[in-house]
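To start, the structure itself, in structure tokens.
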Amino acid sequence: MKLFQKLIAAPAIISLASGLAVNAAEINSTDLSDYSRTNNLVSLDNFKSDSLFPGDWAYDSLKDLTNSPRFNGDSVTRLEAAAELNNLIAGGEGLINGAQIDRLSDELGSELAIMKGRVDGLEARVNGIEAGSFSETTTMKGKAKFQIGGTDGVSDEAVMAAYFWEVDLNTSFTGEDKLNVEIETGNTPDTDSFLAVTDFGKDSADRLRVSDLNYTFPLGGWSITVGDSLDASKQFTGACDYGNTVDALSDCGTGNSIAVGGDQTISAGYDLDNGFSFGVGISADDGETTRGMFTAEGEDIYALNVAYSGDNYGLALAYADVDVATYWGINASYSPDGFPTISGGYEFGSPDSGNDTTQFAVGLSSDLGPGEITIGMGTNGAITDGEEELYAYDLSYTYKFNDGMSFTPFAFIVEGADGGDDTTGIGAEIGFKF
């Protein structure tokens with residue numbers, strides 16, 4: 001530039017420089033610093049496309065490395081591409097194409113971090129669930145029942161309701177054994193009332209309690225169960241196929257022999273695989289006291305059982321010595337084609353003192369419409385020789401909504417002693433299995 005031109009341009013340049021200086025001075029440097037620290041700044045990464053397209057180097061690289069059908073000429077999301085890259089890394093591809101994998105990892109680093117966070121979160125949730133669950137060899141099943149009804153002819157004629165809840169926890173340690181724990185609660189009262197007549201639940205006073213604890217294992221072809229609060233008949237086979245409502249008709253009237261109870265017990269069963277089976281049980285009712293097990297002071301139970309099961313019938317026989325009496329019991333069932341299933345049982349008792357006793361029960365059960373109807377009758381408990389014979393009758397209909405839920409309305413009559421009023425009752429029960 002010539003001197004003349006420089007002289008002419010100088011004022012303009014000075015003026016422009018002065019204006020810029022003034023404007024720069026007017027900018028608040030503190031505000032600029034604050035703004036730079038906010039999240040309002042837009043990174044160039046934000047302008048990345050959410051998808052990769054054919055022709056993008058990352059797309060083409062992953063297509064060559066993975067041979068995945070995902071890269072078929074259509075676009076893929078960056079997360080989908082990161083998933084394919086993650087599979088490559090997990091498969092050791094970085095050991096072969098390290099430089100290319102590193103570059104792809106830089107390109108898709110944000111997406112890989114998102115994926116890792118999601119996986120870590122899922123693992124944490126799974127670990128939390130597993131920490132609060134049963135072991136893999138433990139299963140649980142349970143039931144809950146509600147019953148409501150009323151009677152006349154007893155001292156307490158009010159309409160009453162009660163519930164019963166129970167869970168069974170079963171754990172196997174060898175695949176052939178089973179540790180069983182039963183926990184239950186309920187509020188069935190032990191009074192002269194409707195709920196005392198029906199075969200429903202137990203009175204646990206609304207408190208959870210362990211009702212059974214036992215362990216079953218195989219030994220030389222036998223199945224052996226040992227435990228506390230366990231019936232001596234645990235491994236017995238019965239043949240009664242009648243679902244009663246009145247408690248006195250339970251087990252077709254053989255509750256002291258084929259279904260004999262117990263406490264501290266060893267019960268063993270042997271199945272010959274030809275229909276025949278055998279059972280033996282010994283139990284002590286005072287094993288948790290100083291009277292001891294199997295002593296002269298304690299009350300002990302010794303019982304034997306033999307049974308046969310055919311295609312449409314069954315027969316069972318048992319003997320039980322309950323320390324203060326002995327019992328013989330037999331029950332059977334028969335299911336002829338086109339006719340209701342017939343069940344029945346008879347039990348003979350011989351106490352150490354006093355007269356002998358007898359009791360029996362018979363019942364019919366059959367499909368009817370969408371449910372099953374059951375009708376039965378028998379003695380109202382054991383009848384002592386020479387005393388008045390009292391009988392009980394019941395009728396029920398069970399409708400199953402599904403495998404885990406049922407509804408059963410029922411009615412019963414129990415004869416009164418010495419010519420007194422009969423006890424009649426109606427009610428309903430709803431049950432759940434889970």
Side-chain angles (χ1 to χ4, degrees), residues 29 31-144 167-181 218 400-405 432-434:
S29 60
D31 290 344
L32 181 60
S33 299
D34 291 342
Y35 182 78
S36 67
R37 288 193 296 267
T38 68
N39 294 326
N40 295 327
L41 293 178
V42 179
S43 170
L44 291 177
D45 289 341
N46 292 340
F47 293 98
K48 288 182 179 179
S49 171
D50 290 335
S51 301
L52 297 180
F53 299 89
D56 293 342
W57 74 267
Y59 183 102
D60 294 340
S61 295
L62 286 170
K63 179 179 180 181
D64 293 339
L65 291 172
T66 64
N67 293 318
S68 170
R70 188 183 298 275
F71 302 97
N72 58 3
D74 295 331
S75 63
V76 297
T77 66
R78 295 179 65 86
L79 277 175
E80 290 173 334
E84 295 292 343
L85 175 59
N86 190 62
N87 291 336
L88 287 174
I89 296 172
E93 186 66 28
L95 299 176
I96 302 174
N97 298 285
Q100 198 170 5
I101 294 297
D102 288 344
R103 186 181 177 193
L104 285 168
S105 297
D106 290 340
E107 173 67 21
L108 300 172
S110 298
E111 288 74 19
L112 288 173
I114 291 172
M115 290 182 59
K116 184 178 185 304
R118 291 178 178 178
V119 171
D120 290 346
L122 180 59
E123 288 181 349
R125 291 183 182 181
V126 171
N127 291 336
I129 292 172
E130 290 179 347
S133 65
F134 300 123
S135 70
E136 294 180 355
T137 60
T138 299
T139 61
M140 185 193 79
K141 63 179 181 179
K143 62 183 177 182
V167 293
D168 281 1
L169 300 175
N170 297 300
T171 302
S172 178
F173 301 94
T174 67
E176 296 181 341
D177 63 342
K178 181 178 70 174
L179 175 66
N180 170 249
V181 182
K400 292 186 177 181
F401 298 99
N402 48 50
D403 291 339
M405 185 176 179
F432 304 88
K433 293 182 179 180
F434 51 92

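Keep in mind that the numbers below use all heavy atoms, side chains included, and drop hydrogens, waters and symmetry copies. Position 1 is the first residue of the sequence, and the numbers go up from there.
- Heavy-atom neighbours of Asp403 CG from other residues, nucleotides or ligands within 6.0 Å: at or below the threshold of 12.
- Applying the salt bridge (Lys or Arg N to Asp or Glu O under 4.0 Å) test to Arg103 and every residue at least two apart in sequence or in another chain returns nothing.
- Considering only heavy atoms from C-beta on, Asn170 stays 4.5 Å or farther from Leu179 through its side chain.
- For the residue pair Thr138 and Thr171, a side-chain donor N or O sits within less than 3.5 Å of a side-chain acceptor on the partner.
- Contact record, Trp57 with Glu107: CZ2-CB, 3.9 Å, taken as the closest heavy-atom pair.
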Task: Verdict with reasoning, Phe53 to Tyr59, per ring pair (Phe, Tyr, Trp, His ring centres under 6.0 Å) - done: CA-CA 6 Å; Phe53 299 89; Tyr59 183 102; 8.2 Å; no
Open item on the list: Set out, in order, the CA-CA distance, both residues' side-chain angles and the distance that settles side-chain contact (heavy atoms from CB on, under 4.5 Å) for Met405 and Lys400, then state yes or no.
Closed with: CA-CA 6 Å; Met405 185 176 179; Lys400 292 186 177 181; over 6 Å; no
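- For the residue pair Met140 and Leu169, the shortest heavy atom distance occurs at CG-CD2, 3.4 Å.
- Side-chain contact between Phe173 and Thr137 is absent, with no heavy-atom pair separated by less than 4.5 Å.
- From Leu52, atom CG reaches atom CG of Asp74 across 13.0 Å, with rounding to the nearest 0.5 Å.
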Task: Leu104 and Ser61: CA distance, side-chain angles, deciding distance, side-chain contact (heavy atoms from CB on, under 4.5 Å) verdict - done: CA-CA 8 Å; Leu104 285 168; Ser61 295; 4.2 Å; yes
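- No side-chain heavy atom of Lys433 sits less than 4.5 Å from a side-chain heavy atom of Lys141.
- Using a 3.5 Å distance cut-off with no hydrogens or angles, the side chains of Thr174 and Asp177 do pair a donor with an acceptor.
- Atoms CD1 and CG, on Ile101 and Leu85 in that order, are 5.5 Å from each other to the nearest 0.5 Å.
- The closest donor-acceptor contact from the side chain of Thr77 to the backbone of Glu80 lies under 3.5 Å.
- Here the shortest heavy-atom pairing between Pro54 and Gly73 reads CG-O, 3.1 Å.
- A heavy-atom distance below 4.5 Å is found between the side chains of Val167 and Phe434.
- Here the CG atom belonging to Asp56 is positioned 10.5 Å from the CG atom belonging to Leu62, to the nearest 0.5 angstrom.
- Taking CG from Leu108 and CZ from Arg78, the interatomic distance works out to 5.0 Å, rounded to the nearest 0.5 Å.
- Taking OG1 of Thr139 as the start and NZ of Lys178 as the end, the distance is 8.0 Å to the nearest 0.5 Å.
- In this structure, CG on Asn86 lies 12.0 Å from CD on Glu111, to the nearest 0.5 angstrom.
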